[in-house]
*Asks:* 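Dumping the structure here so I can ask a few things about it.
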Amino acid sequence: MNEATQLSRFRESFHRRERRSVPLVRQFVLRALTDWMCESRIDDVLLCVSELATNALLHGVPPGRGFLVRLRLDPAAGVLRVEVHDSGHGEVCPADPEALGVAESGRGLLLVTALADEWGVGERNPGKVVWCEFAVRGSGPARGPGVSSVVERTAPFHGPPVRRPVATGVSRRP
């Protein structure tokens, strides 16, 4: 058997409930995608992760806590999954574009819906996981840190990883 096995690539990063965390999340994602040579949809991914991180800060993370960002690239399937885990209560409700009117906020999930191939919400105890997926190409051999299955943590994360099926989801695929 001469088949090459491509392991999925994985990174995670914990961020505090601070406004400066959103640019740090973008830097983390940019570094991972660059290391993985997965740059085909980098602008879409960065915009969506910014929106999900901002939503976690504004609506999902209680004071004194933080949120976790996970990236998983499956080169064989050509799928990049971005997850933002928070520990707050509340449900994610897609915005109704007509109800927004001239409001200055509330369009983040509309952007995610428009740019990501799929997105959804999963349960976490405590909190929730908001995720989005992108069909990507050009995920060649990894360079730098992050080759094969590497976990990169920028701050300690306390608590077991959540490995449950997605509770609800929204898909743009037919």
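Below, each value reflects all heavy atoms present in this structure, side chains not excepted, and no hydrogens, waters or symmetry copies. This chain uses plain numbering: 1 for the first residue, then up along the sequence.
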*Asks:* Determine whether Val29 and Val82 satisfy the following criterion, side chain to side chain contact (heavy atoms under 4.5 Å, CB included), listing intermediate values before the conclusion.
*Replies:* CA-CA 9 Å; Val29 171; Val82 176; 5.6 Å; no
*Asks:* Do Arg72 and Leu80 touch side chain to side chain, with heavy atoms closer than 4.5 Å?
*Replies:* no
*Asks:* Please answer: with hydrophobic residues joined when any side-chain heavy atoms are less than 4.5 Å apart, are Phe14 and Leu24 in the same cluster?
*Replies:* no
*Asks:* Taking side chain as C-beta onward, heavy atoms only, is Val130 less than 4.5 Å from Val112?
*Replies:* no
*Asks:* So which atom in Arg124 and which in Val129 form the shortest heavy-atom distance, rounded to 0.1 Å?
*Replies:* CB-CG2, 4.0 Å
*Asks:* Within the distance-only criterion (no hydrogens, no angle test), does the side chain of Thr113 pair as donor or acceptor with the backbone N or O of Leu109 below 3.5 angstrom?
*Replies:* yes
*Asks:* Quick check on the hydrophobic clustering: are Val22 and Leu71 connected, directly or via other members, by side-chain heavy-atom contacts under 4.5 Å?
*Replies:* yes
*Asks:* Measuring from atom OG1 of Thr34 to atom CD of Gln27, what distance do you get when rounded to the nearest 0.5 angstrom?
*Replies:* 11.5 Å
*Asks:* Can you tell me which residue pairs pass the salt bridge (charged side-chain N to carboxylate O under 4.0 Å, His left out) test with a partner in residues 41-54, sequence neighbours excluded?
*Replies:* Arg41-Asp44, Arg41-Asp117
*Asks:* Are the side chain of Ser87 and the backbone N or O of Pro126 linked by a donor-acceptor pair below 3.5 Å?
*Replies:* no
*Asks:* Atom NE2 of His15 and atom CG of Asp86: how far apart are they, to the nearest 0.5 Å?
*Replies:* 13.5 Å
*Asks:* Step by step, work out the side chain to side chain contact (heavy atoms under 4.5 Å, CB included) result for Val25 and Val84.
*Replies:* CA-CA 10 Å; Val25 167; Val84 177; over 6 Å; no
*Asks:* Drop me the distance from Glu83's CD to Trp119's CH2, to the nearest 0.5 angstrom.
*Replies:* 14.0 Å
*Asks:* When rounded to the nearest 0.5 angstrom, what is the spacing between CH2 in Trp131 and CG in Leu52?
*Replies:* 11.0 Å
*Asks:* How close do Leu57 and Arg17 get, counting heavy atoms only, and between which atoms?
*Replies:* CD2-CA, 3.5 Å
*Asks:* Answer yes when Arg9 and Asp35 have at least one side-chain N-carboxylate O distance shorter than 4.0 Å, and no when they do not.
*Replies:* no
*Asks:* Any side-chain heavy atom of Val49 sitting closer than 4.5 Å to one from Phe28?
*Replies:* no
*Asks:* Just wondering, do Ser21 and Phe67 contact through their side chains at under 4.5 Å, heavy atoms?
*Replies:* yes
